[in-house]
Amino acid sequence: MNIKLRLQYDGTAYHGWQIQKNSMTVQETVTKAIEKITGEKVTVTGCGRTDTGVHAENYVCNFHTNASIPAEKIPYALNTVLPNDIVASGAEETDDDFHSSRSALKKRYVYRILNREFPDAVLCRYAWHYKYPLDTDKMQEAAKAFLGEHDFIGFASSGFSVKTTVREIYSLDVSREKDLITIDITGNGFLYNMVRIITGTLVYAGNGRINVSDIPDIIASKDRNRAGITAPPEGLCLKEVYYR
């Protein structure tokens, strides 16, 4: 049977999702846990990569198994062997052709910025501490330029291989509650570091280093050097993956 598994994880201790030779990753940790409870060798397919230090509240993966454990009981078994910073939050049997990445229609990410003079000992793993003033009205105005379909090659780091760099952003909102700025973005897919580079660009708009009126031209230029910095990973969290 093909199992659709939902996970939550704190990415601080891991070198991202995807298995690497000499680094601990979420995929490797989850795979070993599944193999322990099923007694089988399995291939765990993720809904996408997350970078070192990036978190997930609703990460979706899938794997095929012949084990007799009922699908709904799998999270209970997994959580007895998974470390505390990875939690299986749900599982169900799904169609044989379900693929957690290729079957996804859209993804939602949230990036948080702590915008004040001093850092926070609790939030340091979950928000980017940026101590300089940011104009969130300018950031929200700049966000409008990213909506719709664009070639986002100028907002991607090197080291990826995809058929096309065109993506569609369905929503991009910037809000502030006291010292915490939240950037909420949903799209049909994202390039390598794309959300973090968009965040860095919005920060540059908020601190005046980039004029808001220049954002459409920066996107159209496809020039990575004209966009903002790549925001650090700890502020980023995968919130939801949407399927039919």
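Everything numeric in this text was worked out from a predicted model, so none of it was measured.
Salt bridge annotation for Arg196-Asp51: present, with a cationic side-chain nitrogen under 4.0 angstrom from a carboxylate oxygen. A salt bridge is absent between Asp214 and Arg226: the closest approach of a Lys/Arg side-chain nitrogen to an acidic carboxylate oxygen does not fall below 4.0 angstrom. Ion pairing between Arg125 and Glu234 fails under the 4.0 Å rule for side-chain N and carboxylate O.
Only one option out of Asn58, Asp184, Thr186 pairs with Arg108 in a side chain to side chain donor-acceptor pair (under 3.5 Å); it is Asp184. The side chain to side chain donor-acceptor pair (under 3.5 Å) test with Asn115 is passed by exactly one of His129, Lys131, Arg176: Arg176.
Counting only distance, with no hydrogens or angles, the side chain of Asp120 and the backbone of Leu123 share a donor-acceptor pair below 3.5 Å. A donor-acceptor pair under 3.5 Å links the side-chain atoms of Tyr59 to the main chain of Gly48, judged by distance alone. His150 places no side-chain N or O within 3.5 Å of a backbone atom of Phe152 that could act as its donor or acceptor partner. In this structure, the side chain of Gln27 engages the main chain of Ile19 through a donor-acceptor pair within 3.5 Å. Side chain of Glu168 to backbone of Gly187: no donor-acceptor contact under 3.5 angstrom is found.
Hydrophobic clustering, with ILVMFWY side chains joined whenever heavy atoms are under 4.5 angstrom apart, keeps Tyr76 apart from Ile74.
Between Leu134 and Val203, the closest side-chain pair of non-hydrogen atoms falls below 4.5 Å. Tyr132 places none of its side-chain heavy atoms less than 4.5 Å from the side chain of Asn207. Within the 4.5 Å cutoff, side-chain heavy atoms of Thr65 are placed close to those of Met1. Between Cys47 and Tyr243 there is a side-chain heavy-atom pair separated by less than 4.5 Å. Between Asn62 and Leu5 there is no side-chain heavy-atom pair separated by less than 4.5 Å. Between Ile86 and Val30 the shortest side-chain heavy-atom distance falls below 4.5 Å. Contact annotation: the side chain of Trp17 approaches that of Cys61 to within less than 4.5 Å [non-hydrogen atoms, C-beta and beyond]. For the pair Tyr14 and Thr29, the minimum side-chain heavy-atom distance is below 4.5 Å.
Using the six-membered ring where Trp is involved, Phe190 and Tyr109 have ring planes that are perpendicular, over 60° apart on the 30 and 60° scheme.
Using modelled atom types, one finds no donor on one side chain facing an acceptor on the other under 3.5 Å when comparing Asn2 with Thr94. Tyr126 and Thr12 share no side-chain donor-acceptor pair at under 3.5 Å. Between Arg224 and Thr230, the side chains place a donor N or O and an acceptor N or O closer than 3.5 Å (distance only, hydrogens not considered).
The cationic atom of Arg209 (NZ for Lys, CZ for Arg) lies less than 6.0 Å from the six-membered ring centre of Tyr204 and within 45° of the ring axis.
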>> Quick one, Glu57 with Arg6, criterion salt bridge (charged side-chain N to carboxylate O under 4.0 Å, His left out). Give me CA distance, side-chain angles, the key distance, then yes/no.
In response: CA-CA 9 Å; Glu57 285 190 11; Arg6 286 190 176 271; over 6 Å; no
